[in-house]
Every structure is written in C-alpha cells, then in structure tokens.
Amino acid sequence: MELILEGIKKAFELIVSLDPEVLGITLLSLQVSGLATFISLVLGVSAGTVVALANFRGRKFVISLINTGMGLPPVVVGLFVTIMIWRNGPFGFLEILYTPLAIIIAQAIIATPIIMGISLAAIQQLPENLRLQILSLGATRLQMVWVLIKEARLPLLAAVMAGFGGVISEVGASIMVGGNIKGYSRVLTTATVMETGKGNFDVAIALGIILLLLAFMVNLVLTQIQQRQRPR
Amino acid sequence: MKVENIIKIENLLVQRGDVTVLNISELTVERGKIFALIGPNGAGKSTTILTMAGLLKPWQGQLYFQDMLINSHVDRMMLRRNAAVVFQEPLLLSCSVHENIALGLKFRKGKKDEIKKRVGESLDYFGIAQLEKRSAKSLSGGEARRVSLARAFALKPQLILLDEPFNSLDPPTREAVIDDLQRILKETKITAVMALHDREETLRLAQDVAFMDSGKIVQSGTTAKIFNQPADEFIANFVGTESVLEGTVKNNANGLMEISINSKVIEAVGNSSAGQKVFCCVRPENVTVSKDTQGKISARNVFEAKVQKIVRQGFFYKLVLDCGFSLTAYITQPSCEDLQLEEGASIITSFKATAVHVMRREK
C-alpha cells in the first residue's frame, strides 16, 4: 500500500517538475502511437469501407480474417516485423530496427485491423437502402462513399479510440522492434517494464499513471469530437 | 420535339440469384402523368422502381429514358441525375434538414446561393420552412417524410419515383402529405411513378395504373378501367368491388350534391363545391335491385338498368348493371330467383345518397 502511495507521490513530482526524461518519453509515446493510429485510420477506414460495400467471392473469408486481425498479439507482430527488418531480412537494407519508425510500423500493423474491422461493421450497419438513396440523388460512387463515411462518423471515431488504445498500451512489439533505447526509442510502456524489472516500483507506478492520464486525455478529446453533434 | 414517353420498358428481365424477380414485356410512362404500380407485397413494385431509377442493372431487356436507351454505366449515371427516388423509409442523414435537402444539389456541384434558393423553395413547397435548422434525426415521422420528399423535389427531376411514400404515417398526417404531394405534382408537372398498395391513394393520385403480381404486369390502363373492369378475380379482390364512377359536381345544397356522371345525375352527401371533379364510390352491398318502382323506394338514386352480367359468388350473386354508367350489386340467391334475373333483363336499381363515398379527383 505504501508502495502505491509512494508511486503516486513520485508521479506527482515527475509531472509537476516536468522531468525532461519523462517528458521526452511521454511525447515520443504520443507521437509514435498517434502517427501509427493515423496511418491505420487511413488504411483501415478505406479498406473497411471497400470490403463493406464490395461484393466479391470469398468476402466472408476476408471479413473473418479482418476480425481475427483485431486480436493480433503484439508480440507476434513484433516478431514478424523484427524478422522483416533484421539486418539480413528482406527489408534489412532500410536499417530501421531499433528506431521509432520501426515501432510506428509495428503499431500500425496492430491498429489497422482493429480500425478496419470496426469501420467495416460501422458501414455495414447503415440501412441498406441508404446507398441507393444517395446514388439516386445523383451522387457519383466516390461522393456516395464519402457521405456514408460521414454518416458512420460516430462508430468510426470509436474505431480510432480502440486503435489508439490498442497501440499506446502495447509493449511487446515496441520493446522488440524499438529496443527501449534511452532517449531514442523508449516509450512509456517499455520504460514501465524496465523500471519494474529494476525494482524501481515508484517510477514504474508513476509512468503507469502518466500512461493512463495520456490515454484518458486523448480519448477525452476524441469523445468531445464524437459527441459534439449527437444525433437525437 | 418534346419526348412524350419518359420511361419505356421492353422485355425486361431482372434476376436475383437464380430467381427471376421481374419480367415485364412492356411498360410505358407518359410525360406529365402520375403512374401507379399496385399489387401485393413481393409483386416486384420496388424492383421496378429501382430499375427505372437506374439503380439496378437489368439482366436482359431494354430501358429507355426519354427515348434514349439506357445501356452503360454512363447512361445510368445520366438517368440518376434526372430521376429522384423517395424510398419507403425517409433515409435522412444525421445532419440538419437543410443539409439533407441540399445533398443532391451539392452532388451536382451547384452554386452556393443557387442551392440555398432551391432548398428554400422546396421547404416552402412542403410547408416545412420552420424545420430548416433542425437535426434530421429529431423529426417526427410525418416531418421526416416531408423532408425526404422535399429533398427529391429540390432537384427538379424529370421523373420522380416514389416507393410507398405514405407508408407508416398516421391517417391525418397521411392525408396531409397526400394533399401536398398532389398539389406539388400538379404545379411542377413532374412525371411520377409510385408504388402504392392502398386503393384510395391510387384513386386519388394516379391517372394510369399497372397491376403487378409475381414480377409481371397483369393489367394496365387508366385508373377507372382497372377499378371497374379488373381483369381477374385476384385484381378485383385487391382493388375492391366498389363501383368507381367519374363525375363532376353540378351543385351542392347544404351538403346534398348533384353529381353528373356520363349523362346521368346522382345525388350524394358531401361538401365538394360545384365544378369539382370527383370519384363516386358505391359499394355493391348498398345497391338494391327490384322488378319495378311499385314498392316504396326511399333511396334518392333510382335508375333503370340492364343486367349485363351475373356472376355466382358463393351464396350470393354479383350483378354488373348498366344504368348509363356501370354499377355492381350483390344480391342473395333467393332474391335472384324471385326476381327471375337473367343477363339482358331490365330492372330498377337504387342506392341512397348516403351510400355514395365521394372523393375529389384532380384530373
């Protein structure tokens, strides 16, 4: 119990004093996971919308693949990305292993199926005739898709929150492809793992609290956007 | 030269999976007409509407829009820009009423003030200007229906296609929406095709009717023809057995009207004023027949009639009478024998002024 109180005190100190190291780690977490989420948003929403609207052979199989991808274990993604960008791997020449870019790639792979799966469901739950209604008002296919995406904005923002929540809290892939290098590729989760391992529980708790606060604030902003024009 | 046929369909086949859902050998919709597709659920009315709107690619056959064959994706896009569909559900987007009505105009890249003007006009048409700023999802059923109609009319299309536009509205709202639609169609002269399943809606709105069943057109013609001379028992049951007479009100004295039908005049109760064109509906069970006028007949409408046809229907007979206009009567088996009726016989027929159901008609 004392440990937790000590941790909270430490967290307070670190936040108030704007500890440069903690600040750097926090900002890097935010940048890496934010970028990864943005990439996933673009890929996930477009692919999800295409699968939701298109009619092709093996569509159900593709949808179950996407849904499985929503539960992709970060360590497996980490392993896969590591193999790909390993010095002798197919993308080894890029020399990006143990860089923030590698974390962004791994996290984007984790978040894309999550956003894709929720987007798919969001577009599918719109009334079937809505597509025809929009087309009958003279829309081109592209205009129709854009209107549908706007119409599904509520669940789509939920998809963004789920994607961001998934990657900001993920540790397996970050530690494998990022390497937890101090001042370079150390993010909140990898730092927490390290501090706990070293027995510095107070710092670990402080980092955990900062992580929670960060996730809360980002979601607060997204929720504000989502609920701004709440349809009655 | 102005094209007279807005829509022409030839040998059209639409399939869903292996099932043929639509098989229309011929269908023509003339410019400026209000055309109704009627028939039971699953008859193919909605599919016909989707095909006419260019939203469904037929498997076989030809669709002409203003005498132009609709063949390619580009043609269907052109058709979609000239026709507007109003679906059974209002299908409004979750934004303001204004944005909903402006939607189709925005697709066409209209200018901002032009869009504003057209949205305003359309709102005024349906008397919903006060809803403009409201969220479309907060509207009542009747309001949402009006907005979806206004959204289609804002485009000033050549053709408007309506799929059961009065569905799931409560009776007073339904009446008001029908009145509005009727007035607007008359003012704008836009050709309309609507899927309906209510006989009164059909009588009030449509000039031409096609009766559909299992994807086929079973009978088509003017409204009066379909209602008075249904081709078979099924259609007859569907459109009802009432005689539907087209007339014009001659005068109205305190609610008792004289209505001229062909060369005859009947009396009916109602509040239409002189000159108003009306449909007079008389239910066959309210029509009595007798050998002569000796027995006391209190009914105000008494005519000599010729028996044109006697059809046995279970325990009673259906008589088709000609008394200057066509009239249908039901009589029981014993009274038919009493009167010694046979086809070609002359009899007296009568019905009360209160037995006539009078509906306004616009055409």
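The structure displayed is predicted, hence computed values, not measured ones. The analysis underlying the following values was restricted to heavy atoms, covering all of them including side chains, and did not include hydrogens, waters or symmetry mates.
For the residue pair B/K106 and A/Q143, the shortest heavy atom distance occurs at O-NE2, 4.4 Å. Between B/F107 and A/G138, the shortest heavy-atom distance links the atoms CB-O, 3.8 Å. Annotation for A/E151 and B/S94: closest pair OE2-OG, 2.8 Å, computed over non-hydrogen atoms. Summarising the geometry of B/R108 relative to A/L137, their closest heavy-atom pair is NH1-O, 2.5 Å, with the distance given to 0.1 Å. Between B/R81 and A/T140, the shortest heavy-atom distance links the atoms NH2-CG2, 4.0 Å.
Contact of B/L50 with chain A is made through the side chain alone, with heavy-atom distances under 4.5 Å. Both the backbone and the side chain of B/L93 have a heavy atom closer than 4.5 Å to some heavy atom of chain A. With a 4.5 angstrom heavy-atom cutoff, B/A83 touches chain A only via backbone atoms. For B/L55, the parts lying near chain A are the backbone and the side chain together; criterion is any non-hydrogen pair under 4.5 Å. With a 4.5 angstrom heavy-atom cutoff, A/L126 does not touch chain B via any of its atoms.
Annotation: A/L220, atom CG; neighbour count of heavy atoms from other residues, nucleotides and ligands within 6.0 Å is above 12. A 6.0 Å sphere centred on CD of B/E187 holds more than 12 heavy atoms belonging to other residues, nucleotides or ligands. Counting non-hydrogen atoms of neighbouring residues, nucleotides and ligands closer than 6.0 angstrom, the CZ atom of A/F80 reaches no more than 12 such neighbours. Enclosure of atom CZ in A/F93 by more than 12 non-hydrogen atoms of other residues, nucleotides or ligands within 6.0 angstrom is indicated. Within 6.0 Å of CZ in B/R183 there are more than 12 heavy atoms belonging to other residues, nucleotides or ligands. Within a 6.0 Å radius of CZ in A/F56, more than 12 heavy atoms belonging to other residues, nucleotides or ligands are found.
Within the model, atoms CG of B/L103 and CD of A/Q133 stand 8.5 Å from one another, a figure rounded to the nearest 0.5 Å.
For the pair B/M77 and A/R141, the minimum side-chain heavy-atom distance is 4.5 Å or more.
When atom types are taken as modelled, the side chain of B/R80 and the backbone of A/S136 share no donor-acceptor pair closer than 3.5 angstrom.
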